[in-house]
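In what follows, a structure is listed as structure tokens, so that the remarks can point back to it.
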Amino acid sequence: MEEAEFDKFASEYRAMHAANIKLSGEAPEYFAEYKIVDIANEAARLGRQTAAARVLDFGAGIGYSVPFFARHLPTARVTCLDVSQKSLELGTALHPGRAEFRHFDGASIPCADETFDIALASCVFHHIPHAEHVALLGEIRRVLKPDGLLFVFEHNPLNPLTRHAVNTCPFDENAHLIGAPAMRRRVLAGGFADAQVKYRIFFPHALQRLRPLEPRLTWLPLGAQYYVLGRK
């Protein structure tokens with residue numbers, strides 16, 4: 001994870017992201033919010049208490065998820081971690097007092113063991129050399145509390161529109177997509193007790209009336225994105 005690579009895009013991130021996903025008919029906020037809704041729903045399904053939960057947003061950039069944590073997990077305490085100092089500075093200015101922004105050296109998370117209840121990595125791992133994945137997942141596991149939850153959201157390389165979006169995105173110029181089965185194996189290799197895959201985002205804005213069907217399609221490996229849910 002190279003700091004300079006993300007520093008150069010930090011101030012223009014939203015505009016570039018919006019242009020890149022124009023075909024979906026959605027703004028970047030849609031893709032940020034659905035992930036937090038899924039986290040809240042999964043935590044409720046598993047019977048987890050989220051009041052005052054400690055949440056790690058691993059690779060948070062400028063803190064795009066912060067407003068949606070405030071909306072859907074309003075009592076959570078969020079720590080945003082990133083290698084890009086410029087992104088962290090922008091995030092601190094954009095979201096004063098709503099999250100803690102901390103610098104990450106790319107290897108060791110600067111937090112004590114068993115600090116967090118939930119960890120999120122939102123489309124981060126395709127920016128990281130694949131040989132480093134297992135070690136970083138183990139590091140995330142270290143800072144999760146016993147029975148803590150990990151959510152790794154990634155682009156689905158089996159979806160042709162996703163591949164097109166990634167291949168034409170300036171800040172994905174060095175990206176290497178990961179299939180869901182491989183990501184699940186890496187989560188397990190990182191020490192997590194179990195890992196489930198769910199596919200997401202099947203319908204663009206023009207077909208949004210069909211989105212109530214999506215909870216029934218999470219098994220189908222054609223969604224634009226997926227997540228791996230791991231449990232410590």
Side-chain angles (χ1 to χ4, degrees), residues 1 6 29 31-85 87-125 127-128 132-154 183 186-188 190-196 198 227-232:
M1 302 177 73
F6 298 99
E29 289 77 10
F31 293 92
E33 183 169 20
Y34 96 80
K35 296 175 174 69
I36 310 309
V37 172
D38 280 4
I39 290 172
N41 288 341
E42 288 282 17
R45 180 181 68 85
L46 295 170
R48 303 303 174 83
Q49 291 289 332
T50 56
R54 293 288 305 274
V55 178
L56 174 66
D57 191 346
F58 179 84
I62 61 174
Y64 233 85
S65 297
V66 170
F68 305 112
F69 278 117
R71 182 177 300 172
H72 300 288
L73 290 170
T75 60
R77 293 179 290 164
V78 180
T79 296
C80 293
L81 197 71
D82 206 89
V83 296
S84 167
Q85 189 63 49
S87 295
L88 295 170
E89 291 168 1
L90 286 169
T92 301
L94 286 168
H95 311 292
R98 301 181 80 178
E100 177 188 21
F101 287 83
R102 300 191 67 175
H103 188 258
F104 174 53
D105 65 5
S108 300
I109 296 174
C111 300
D113 295 359
E114 301 182 4
T115 297
F116 300 100
D117 301 282
I118 296 170
L120 162 67
S122 177
C123 296
V124 173
F125 275 87
H127 291 292
I128 302 171
E132 299 175 15
H133 287 184
V134 172
L136 285 173
L137 288 162
E139 181 67 0
I140 294 173
R141 182 185 181 279
R142 177 185 68 78
V143 299
L144 276 173
K145 296 177 183 178
D147 216 30
L149 300 178
L150 166 69
F151 293 83
V152 179
F153 285 84
E154 275 297 333
M183 193 74 247
R186 292 172 195 180
V187 168
L188 292 171
F192 286 85
D194 57 38
Q196 306 171 26
K198 295 190 178 183
Y227 66 87
V228 178
L229 168 57
R231 180 178 60 83
K232 183 173 178 178

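With R142 contributing its side chain and C111 its backbone, the two residues share a donor-acceptor pair below 3.5 Å. In this structure, T75 contributes its side chain and A52 its backbone to a donor-acceptor pair below 3.5 Å. Of the possible polar contacts, none joining the K145 side chain to the E114 backbone as a donor-acceptor pair under 3.5 Å is found.
Side-chain atoms of F116 and T79, non-hydrogen and from C-beta on, do get closer than 4.5 Å to each other. With contacts defined as side-chain heavy-atom distances shorter than 4.5 Å, the pair E89/F101 does not qualify. Put simply, the side chain of F69 reaches to within 4.5 Å of the side chain of L120, judged on heavy atoms. Using a 4.5 Å heavy-atom cutoff, the side chains of V124 and F153 are not in contact.
Taking the charged nitrogens against the carboxylate oxygens, R48 and D117 have no contact shorter than 4.0 Å, which rules out a salt bridge.
Note that the CZ atom of R54 and the CD atom of E100 stand 7.0 Å from one another [nearest 0.5 Å]. In this structure, CG in L229 is found 6.0 Å from CG in L149, a value given to the nearest 0.5 Å. If you take CD1 on I62 and CG on L94, they are separated by 6.0 Å, rounding to the nearest 0.5 Å. Atom CZ in F68 sits 12.5 Å away from atom CD1 in I39 (nearest 0.5 Å). Note: I109 CD1 to T115 OG1 = 9.5 Å, rounded to the nearest 0.5 Å. We find the SG-CG distance between C80 and D57 to be 5.0 Å, quoted to the nearest 0.5 Å.
For K198 and Y227, the positive end is not near the middle of the six-membered ring at less than 6.0 Å and at most 45° from its axis.
Looking at every heavy atom in both residues, Y64 comes nearest to E29 through OH-OE2, 3.3 Å. Residue F192 comes nearest to L144 through the heavy atom pair CE2-CD1, 3.7 Å, listed as atom of the first residue, atom of the second, then distance. Nearest heavy-atom pair, L88 versus D82, reported as atom, atom and distance to 0.1 Å: CD1-O, 3.7 Å. The shortest heavy-atom contact between V187 and G230 is CG1-CA, 4.2 Å. The heavy-atom pair separating R98 from P67 by the smallest distance is NH2-CA, 4.0 Å. Considering every non-hydrogen atom in both V66 and A99, the closest pair reads CG2-CB, 3.9 Å.
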Exercise for the section: Could you walk me through whether H103 and S84 pass the side chain to side chain contact (heavy atoms under 4.5 Å, CB included) test, one step at a time? Expected result: CA-CA 7 Å; H103 188 258; S84 167; over 6 Å; no
Exercise for the section: Show the numbers, then the answer: is there a salt bridge (Lys or Arg N to Asp or Glu O under 4.0 Å) between D147 and K232? Expected result: CA-CA 5 Å; D147 216 30; K232 183 173 178 178; over 6 Å; no
Handout entry: Candidate pair C123 and K35, rule side chain to side chain contact (heavy atoms under 4.5 Å, CB included), full reasoning
Key = CA-CA 11 Å; C123 296; K35 296 175 174 69; 4.2 Å; yes
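Applying the salt bridge (charged side-chain N to carboxylate O under 4.0 Å, His left out) test to every pair with at least one member in residues 58-77, sequence neighbours left out, gives these pairs: E33-R71.
The side chain to side chain contact (heavy atoms under 4.5 Å, CB included) test with R186 is passed by exactly one of V228, V152, V134, L136: V134. Paired with F58 under the rule side chain to side chain contact (heavy atoms under 4.5 Å, CB included), one option of L137, L150, I140, V143 passes, and it is I140.
Classification of the F31-Y34 ring pair by plane angle, with boundaries at 30° and 60°, yields perpendicular.
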